[in-house]
Novice: 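Quick one: structure below, then a few questions.
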Amino acid sequence: MTVSRLLVANRGEIAVRIVRAAQALGCETVVAVSEADMGSMAARMADRAVCLGPSRASQSYLRPDLLLSVAIGTGCDAVHPGYGFLAENATFARACEDNGIVFVGPHAKTIEELGNKLSARKLAQLSGVPVMPGTEELLHFQDARDAAERIGYPVLIKAAAGGGGRGIRVVRDAGSLRANFESAAAEAEAAFGDGSLFLERFIERSRHVEVQILGDEFGKVVHLGDRDCSTQRRYQKLVEEAPAPNIPESVRRQLHQSAVILGQGIDYLNAGTVEFLYDADREDFALLEINTRIQVEHPVTEAVTGLDLVQLQLRMADGESIAFEQKDVEFSGHAIEVRITAEDPANGFRPSPGLIERWDPPHLPNVRLDTHVEAGYTVPPFYDSLLGKLIVHGVSRQDAVQKMTDALRLFGVQGVATSIPLLQAIVSHDDFVDGHVTTKWLEESLLPELVLDP
Amino acid sequence: MELSHRDVLEIIELLRAAHLEYFELEVNGTKIVASSGASTPPGASVAKSSPEGPSGRADVREDQARLVIVGEEPLTAASDSDRDADERPPVASEMQAAATPKHENDVVVTAPVVGLFYVAPEPGADPYVTLGDHVEIGDTIGLVEVMKVFNSVTSDISGEVVEILAKNEEFVEFAQPLFRLRPVAEK
């Protein structure tokens, strides 16, 4: 590798994951930490840890100027942004490029184009990739009303700059369109500094299916199969799996092909995810968005392909070509990941920071845990509540579900409330076992009927 | 951390300035030994001591590096891995002649932001403060630059500069100690 010293511009489990991948490639690591994370696992594993700023992310992990200053000051020649924080910040990617530091991800221009949902829609249409019937940017409520009549209710209002479910509204009838239109615009303006909205047809029974792609500097784009992330609450994924269950093979091939064509059309560099909305009733799909970063759920793809995605990211950022052909990518078995968070599902998902008194993960074959947590660790209140990702790999989906059931049962945590009881309820539910869960299933079916011991 | 070429050059520069008789550094199996002619073998004379310990000896830890220095002058020491700003030993910096002993009422001024530390308003200019200078509350005593934005390091007290803990143009972390000041009443 020509990259010899990597700055990890993130925290938590993904910082640990990145340090490990870099070390495996013989690359030195510097981890930039906030005050709250100075004793973190990643900080201890890395060759060097540098205090970036105060604990609040807005004064540390979200400051491109501070991270760039650390990269330069510690002699790093590359930066891995992980996910969240600055991972899809085109300004940061461009500043790295301008300072001769390799940004491990796509070019700043790509991040910018794909970060806006409207321009991503246009790029997809140019490549012939299906998008949901919808509109361009809506400047006036009048336009929204006309478009909704044309598309037919229910419709989905979306923020062009959106992400994380903000600025999204389902509108079921003309009477509630105005109020939703105005509140979505205000929310998008507040969250992204850009209140522009558009409309799409809303699919009642949809699944979230995404395709992992990789692109190198030489124009080669391959896919590493699909994942299903339909088990969501408020657009936050809780359970992910690979491959997506119950999809006709012909449709699966089309999904893969669409993702690759889209990637080729924009000279996609590094790892990316093309997210689709899968209409289970029509066995049809449409583009949702394109994520220009490593995804939280990448380990399920690693399990079924045997590839190390973060190492591949570093290699591609280093200018290496993808060393294999599409036909060489083989998929074996079925993998499921659950996100273990410090939230209390029995109490309205209240965040539960604090001291982890006991942390006893299961030691079982084909079970992997990506985490930054250990007994004695204090979960700080400043960041998202992810404690770790438990990943199982089975010979079949049924086998994977069984392995996950066992692994969750044997996982012992004390000190903070976790999502484990809810995850157990999910993977043991008939709807999940059958593999027909839609994105509204958790909120509309499971949670109302679920009784968890507080 | 492996030593980069630049790290080695920096170490050699520091050594040259320090006029040490004997020097030995081991980092992950890489060992640098330097000696200026007839000097005491290290094993016989090295004592474990704090940077402010007996004169002429310092025991320095930087990451996993163990830096043992035996010489005529004490060396202020760095530890990037010690996170607690208050307990962190002074940063490898200027080879100060006999650092003033710490006083319990001393106030440590830390970096307000991560970046490059400057002792003077511009290259070649006189430093804002030198050892022994008197400073007032709100006085600018240094700068930290983050991507061309300069942040003032200011004094919170009225007192005397008793130690400067980082060197000019050194990359400093957030909250890294930069100056030790002694309140006026304590003089």
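Sequence lines set the chain letters: A, B, ... in the order given, protein chains first and strands last, and positions in each chain run from 1.
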Novice: If you count every heavy atom of other residues, nucleotides or ligands that lies below 6.0 Å from A/Arg20 atom CZ, does the total exceed 12?
Specialist: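 At most 12 heavy atoms, drawn from other residues, nucleotides or ligands, come within 6.0 Å of this atom.
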
Novice: Assess whether atom NE2 of A/His107 is packed by more than 12 heavy atoms of other residues, nucleotides or ligands within 6.0 Å.
Specialist: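 Atom NE2 in A/His107 is not packed in, count stays at 12 or less.
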
Novice: Looking only at heavy atoms, what is the nearest atom pair of B/Phe171 and A/Thr74, with distance?
Specialist: CE2-CG2, 3.6 Å

Novice: Using a cut-off of under 4.5 Å for heavy-atom pairs, which of B/Val149, B/Val113, B/Val146 has the most such pairs with chain A?
Specialist: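 Of B/Val149, B/Val113, B/Val146, B/Val146 has the most heavy-atom pairs under 4.5 Å with chain A.
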
Novice: Compare all side-chain heavy atoms of A/Val70 with those of B/Glu173 and state whether any distance is below 4.5 angstrom.
Specialist: no

Novice: Taking only heavy atoms into account, what residues of residues 56-68 of chain A are found under 4.5 Å from chain B?
Specialist: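 Under the 4.5 Å heavy-atom cut-off, A/Asp65, A/Leu66, A/Leu68 qualify.
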
Novice: Looking at A/Ala95, A/Ser69, A/Ser34, A/Ala32, which one has more heavy-atom pairs under 4.5 Å with chain B than the rest?
Specialist: A/Ser69

